[in-house]
Amino acid sequence: MPELPEVEVTRQSFAARIAGAHITAVRLGKPLRWPLGCAPGQLLGQQVLGVRRRGKYLLLDLSDGLLLLHLGMSGSLRFAPALPAPGAHDHFDLVTDHGLLRLHDPRRFGAAVFTPGEQSAPARKLLGALGLEPLDDGFTPAALQAGLVRHRAPIKQVLLAGKVVVGVGNIYASEVLFLAGIRPTTAACALGPVRVRRLHRAIREVLARAVARGGTTLRDFSSAEGQAGHFQTETRVYGRAGQPCTACGAAIHSLVQGQRSSFYCPRCQRP
DNA sequence: CAGTGGGCCTGAGTGC
DNA sequence: TGCACTCAGGCCCACT
């Protein structure tokens, strides 16, 4: 589920409501990907100043630290004045005087990590190697090209790795490459300025459109307000192996790259 | 440094 | 209905 658009939609759905809240209690469920990194009591009394996003991480700025949240493969957040008693897959509750923020994550690849600040060692370990923010002004065709030339791996895997540009997960990587007319197997460093420019535009277009549609709900994604996304009705290649390309009618192909499935149109997307 | 493969977890779906 | 198996939206780490 949660690629950049889903994380951004989640952020937008509760950032304003939680801003200014004071933490009154913390409840931990089963262990997540990483430990919280502090005694839960250390969060009590702290104020939530705001919520930012970096790649697929949510950053809750606290009055005395930074709380990083990651949704992993199956995580979702809810924020409401009150929520039912925690279920078997509710592994982190942040109780505040504005409401309850709850991380629901069946597969537990997600995480809630407290760090002293963005420049602290634990924060830099998680955030330090992340690539460009695709919706920021600093994400230019030239910057993208500078990142891509250092990688000879297939462009699909380079996009997924997040070292050049963040937030493009498995669904959006296939969609982006379709829109850019680039075969997922093409070596990243083999892309010239013209194709890099097309790729740059496609990344922005797909991600921004997905945010506007409330994200992609394949199984159970919803915003912190419980709203499902709608972008899944607009995917052109993801999950459509064997079906006709919406642009040219050729059968969509699928292949496995780095143990992840990729989808592409063999006619519209050039090696 | 760059690239590859394993592993972390659970639930849904498929085929027998 | 039950079982074995495959697959799933992410990302760190060990190794080559």
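Every heavy atom of this structure was used, including side-chain atoms; hydrogens, water molecules and symmetry mates were not. Reminder, nothing fancy here: chain letters follow the sequence lines and each chain counts from 1.
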Taking only Lys NZ, Arg NE, NH1 and NH2, and the carboxylate oxygens of Asp or Glu, determine whether A/Lys56 and A/Glu3 approach each other closer than 4.0 Å.
no
Strictly below 4.0 Å: does [X] bring a side-chain N or O up to OP1 or OP2 of [N]?
X        : N      : value
A/Arg219 : B/dG11 : no
A/His70  : C/dC11 : yes
A/Ser74  : C/dA8  : no
A/Lys125 : C/dC11 : no

Side-chain donor/acceptor contact of A/Arg107 with base of B/dC8 under 3.5 Å
no
Could you state the atom-to-atom distance from [atom1] of [X] to [atom2] of [N] in whole Å?
X        : N      : atom1 : atom2 : result
A/His89  : B/dG11 : NE2   : C1'   : 8 Å
A/Arg33  : B/dT10 : CZ    : P     : 15 Å
A/Asn170 : C/dC11 : CG    : C1'   : 13 Å
A/Leu159 : C/dG10 : CG    : P     : 12 Å
A/Leu32  : B/dT10 : CG    : P     : 12 Å
A/Leu127 : C/dG10 : CG    : C1'   : 15 Å
A/Gln259 : B/dT4  : CD    : C1'   : 8 Å
A/Arg260 : B/dG5  : CZ    : C1'   : 13 Å

Ranking A/Phe109 and A/His151 by the position along DNA chain B of their nearest nucleotide, the one closer to 5' is A/His151
State which of C/dG10, B/dG3, B/dT10 makes the closest approach to the side chain of A/Lys30.
B/dT10
P-based separation of C/dT6 from B/dG6 [nearest Å]:
14 Å
Would you please classify the geometry between the A/Tyr172 ring and the A/Phe231 ring as parallel, tilted or perpendicular, with 30° and 60° separating the classes?
tilted
Does [X] reach a base, just sugar-phosphate, or nothing at all? Heavy atoms under 4.0 Å.
X        : value
A/Arg150 : sugar-phosphate
A/Arg152 : sugar-phosphate
A/Phe231 : nothing

Reference residue A/Leu101; test side-chain contact (heavy atoms from CB on, under 4.5 Å); the match among A/Leu67, A/Leu60, A/Val95:
A/Leu60
For A/Thr185 and A/Tyr264, which I'm curious about, is there any donor-acceptor pair between the side chains at under 3.5 Å?
no
Look through every strand shown and name the nucleotide pairing with B/dC9 as Watson-Crick or G-U wobble, where both distances are under 3.5 Å.
none
Can you check side-chain contact (heavy atoms from CB on, under 4.5 Å) on A/Leu66 and A/Val113, steps first, answer last?
CA-CA 8 Å; A/Leu66 179 70; A/Val113 178; over 6 Å; no
